[in-house]
Amino acid sequence: MHLLAFSLFAGFVAAESGLAAWLRYAPLSGSQHLHSSLPSHIVALNSTVGSPVYTAGQELHNGIQSIYGKQCNIHHGHWDAASSVVVGTVDEYTKAYGPLHNAPTLIADGYWLSTEGGTIQILGQNERGALYGTFQYLSMLAQGNFTKVAYASNPDAPIRWTNEWDNLDGSIERGFAGPSIFFANGVIVNNLTRVSEYARILASIGINAVVVNNVNANASLLTPQNIQGLGRIADVMRPYGVQVGISLFFASPTSAVQGQANLTTFDPIDESVVAWWTNVTDQIYEKVPDMAGYLVKANSEGQPGPLTYNRTLSQGANLFAKALQPHRGIVMFRAFVYNQLNESDWKADRANAAVDFFKPLDGEFDSNVVIQIKYGPIDFQVREPASPLFANIPQTNTAIELQVTQEYLGQQCHLVYLPPLWKTILDFDMQADDKPSLVRNIVSGERFNKSLGGYAGVVNVGTNETWIGSHLAMSNLYAYGRLAWDPTSDPTSILQDWIRLTFGADPSVVNTITQMSLESWPAYENYSGNLGIQTLTDILYTHFGPNPQSQDGNGYCQWTRADQKSIGMDRTVSNGTGFSGQYPSAVASQYENLATTPDNLLLWFHHVNYTTILKSGISVIQDFYNQHYAGAATAQTFLTQWQSLKGKIDEERYTDQLFRQSFQAGHSLVWRDAIVNFYHNLSSIADSSNRVGNYPHRIEAESMELDGYSIYAVNPFETASNKTAIVTSSNTTAGTASYTLTCGSGTYDVAVNYFDQYGGNSSYVLSINDKTVGNWTANFRPWIGNTEGPRVLGHTPSIYLDGHSAIRVTFSDVTIAMGDVLKIVGTPNGVEKAPLDYVSVLPLGVVD
Ligand SMILES: *[C@@H]1O[C@H](CO)[C@@H](O)[C@H](O)[C@H]1NC(C)=O
Ligand SMILES: *[C@@H]1O[C@H](CO)[C@@H](O)[C@H](O)[C@H]1NC(C)=O
Ligand SMILES: *[C@@H]1O[C@H](CO)[C@@H](O)[C@H](O)[C@H]1NC(C)=O
Ligand SMILES: *[C@@H]1O[C@H](CO)[C@@H](O)[C@H](O)[C@H]1NC(C)=O
Ligand SMILES: *[C@@H]1O[C@H](CO)[C@@H](O)[C@H](O)[C@H]1NC(C)=O
Ligand SMILES: *[C@@H]1O[C@H](CO)[C@@H](O)[C@H](O)[C@H]1NC(C)=O
Ligand SMILES: *[C@@H]1O[C@H](CO)[C@@H](O)[C@H](O)[C@H]1NC(C)=O
Ligand SMILES: *[C@@H]1O[C@H](CO)[C@@H](O)[C@H](O)[C@H]1NC(C)=O
Ligand SMILES: *[C@@H]1O[C@H](CO)[C@@H](O)[C@H](O)[C@H]1NC(C)=O
Ligand SMILES: *[C@@H]1O[C@H](CO)[C@@H](O)[C@H](O)[C@H]1NC(C)=O
Ligand SMILES: *[C@@H]1O[C@H](CO)[C@@H](O)[C@H](O)[C@H]1NC(C)=O
Ligand SMILES: *[C@@H]1O[C@H](CO)[C@@H](O)[C@H](O)[C@H]1NC(C)=O
């Protein structure tokens, strides 16, 4: 056994787009002497091009050549030679080589990998399993890991799917990486190269199906042309063992789909409706004989469903189950069913909805129905308790829905490594019937003895070569697959495999990205919404920047119930919404009681005074202040940590991520200031450290000398420093804001907060004594360092001056003398009137 030392991983310089993700197979220089440890022959026990085992053979060939520069011969039948790697199903291996001794116990998709002995064996229970084992072996080789191994690996759950919220017009709901790789202009695209590349990436982490269209589905997916297109998608994914699934629009029978009959009803028990869906399902299976199944969002957020006809949700789900059953397809039926509620009712609670709707139906779902449950009872918030529905329908198959796309968590413009969040849910013990009942053992089917169950991850890849919009965010996709395969794996070691595969094994690269990633979710929670209050983003608009008051006063029931004295949702049984009582008794009594509720979920379960003292000994409001400051301070270090990697990874990916970390450093301050000012304003309780509302290095734009600029009251007020910004008085003529500096002579960092609205590209020039310090354009391509590039922040844009459009740039090491005149000239463009909020002149090392 030998392990490569770091010295082999000499620096690489080639620019990389991210397209190859973690399957780069980057050359390991100086590895010639290892050729003898590598196979010389590849025996792939299937000669059919496009079979996963054939694909595995190709992958081994290309991987070994790319990493080590060694050419192997590929054979497709029995081949006896020392120094070979044999890949195939256990059955084919047995036919070719005789029975395997110590035959491992494998279930569907599982594999046996042995690098002991003269012949390397990669044997799947099925073809897909053989391909998964191949990717594991190649992962070791790409990391220079020559440890001898011999082990069987089986998936924890059969359902390991992604969901893509792609619309047929090519847009993607909550997608942050450009348009769809699947659809454009109402049909499936002709060129499916990217789909095939995506399937390869997914196969390498054990994902076995992709639901290709949005859960808010469109009936026109079911035209004959689109059904044929689904067949083409299936054909390019099949070589990787990835199946197609689709989302359905419940009212399709009445939607006048071109090429299909048009009914007057979509009542799920009407015979004509049953026949309609049977017919359409049969048509699909003619083109996609191995379709995985359907995903259905019904009676949710305006979608039609069985309740429209006073039928039960189980009648709705079983309609599809029966049409799919002869084809062995399954129905993923989403539990995200709720009605709008009125906040004036203290006991109203959307968190109750899933259990209220589904618990009475336990036992009524067909055996090929799986209830797909979001991890928490509300909606992918930065912290939620595990959905109690997992413990309430023991006779029903369940799957957990996770989001790889960071809808509420920074939209790939903030680094947030999600597996530690996911683990809080997967490892949560529901204690159903007072027996150990970890969520991961419920969704695997083990706890309640179900044969179906698993994972659905909302990914929303786009045409951007980074796949989801940011190089570092891809660790979430990688980890999603690894956890769906084995939810007991450690998020840190998954992350480090990903880093070595993606950026190489330089220990400083591995350590730095590990530290940034592991600190990222706690930091984001701290500067967005801590203590279980939820993300505090704008839930009515973009889901991106801060807008705490948007949580209340509407029917969505993500309420904070914050007033001048108190905050939090009273979800107790004794005096509140009763939600805590939906958990099995041991958990219920823990959450019912303020004293036993963990601080990080306090405001989720209890309505308390701002002055209530936490277990930490600090008051609720002071903890809010402290954590928002701490979280934003940590986000500043992500930038400096990333900068320490300059020259250690390729320039292309380095620069792109530098841009994102600069943005996050600034936007974390936007978040911090908005949230603490909002609650400071509401509670009138001072920050004991006197930070909130007190910014000694800030020059408010409204207090500068203005020429051609006017004062503008920003709404929500807390998203602008001192509630106000300035905008040019005309939308065609530039404005100037100047200020005579009173700071002592020296070197400073100058930060400028402005707003980058959708619908205009204003430009700005910052100067000191008319000498330009920097210029930039507000076009989602902010100035970074000295490079100007076509870099796009993929988050949902805003047409307003608010917490989404607020953005901060910093110019470092600016020389200033007392009495110098700082000037910003802003030139409006389109609807955007060169908005400015403030300038901070910061002694080096200070951030405010
Ligand atoms: C080879 O792959 C094809 C296509 O996946 C499959 O139909 C066939 O059964 C496989 N052959 C063997 C011998 O496994
Ligand atoms: C090498 O791979 C094996 C098998 O996956 C793993 O157990 C071991 O930790 C790896 N070694 C290193 C140094 O990563
Ligand atoms: C298909 O798409 C791939 C990936 O985007 C591209 O490289 C290729 O040129 C395209 N092929 C055609 C025929 O347009
Ligand atoms: C099909 O049904 C829809 C909804 O009921 C209706 O609006 C449309 O006119 C119908 N089209 C045809 C061709 O019957
Ligand atoms: C589906 O219904 C159409 C008529 O609307 C009919 O022509 C077709 O044969 C049916 N297809 C199947 C697979 O039953
Ligand atoms: C469903 O039931 C409600 C009340 O029971 C009734 O008002 C409504 O008309 C019913 N709707 C249908 C489509 O039967
Ligand atoms: C798309 O990819 C390019 C190249 O990696 C990058 O510069 C750009 O910022 C990305 N765009 C989005 C929306 O993520
Ligand atoms: C109990 O509920 C009422 C509203 O019904 C609320 O005003 C009150 O603050 C709650 N009491 C406690 C102790 O939380
Ligand atoms: C909250 O403060 C009010 C007075 O404003 C007090 O009556 C009440 O007991 C406090 N509640 C808690 C839980 O401390
Ligand atoms: C805050 O804004 C108000 C109203 O525009 C202005 O009068 C005041 O000077 C500003 N405060 C500072 C510190 O600039
Ligand atoms: C900065 O100024 C230079 C020179 O006037 C100009 O060419 C460039 O486009 C400006 N950059 C931005 C981002 O406005
Ligand atoms: C300037 O504002 C006016 C009035 O709002 C609008 O009609 C005009 O189109 C704007 N000009 C530009 C260049 O957007």
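Just so you know, residue 1 is the first one in the sequence shown, and it goes up from there. One-based numbering, in listed order, for ligands and for the atoms of each. On a predicted model such as this, the values are computed, not experimentally measured, just so you know.
Side-chain contact check for D109 and N208: at least one donor-acceptor pair (N or O, by modelled atom type) lies under 3.5 Å. A donor-acceptor contact closer than 3.5 angstrom is absent between the side chains of T89 and D91. Side-chain N/O atoms of E465 and S17 include a donor and acceptor closer than 3.5 Å. Remark: the Y294 side chain and the T281 side chain contain an N/O donor-acceptor pair separated by less than 3.5 Å.
Applying the salt bridge (charged side-chain N to carboxylate O under 4.0 Å, His left out) test to residues at least two apart or on different chains, none of the pairs has a partner in residues 466-477.
Contact shell of ligand 1 (protein heavy atoms, cutoff 4.0 Å): N46, T48, S51, E92, E127.
At least one donor-acceptor pair under 3.5 Å links the side chain of E164 to the backbone N or O of V461.
Residue R194 places no N or O, backbone or side chain, under 3.5 Å from any N or O of ligand 3.
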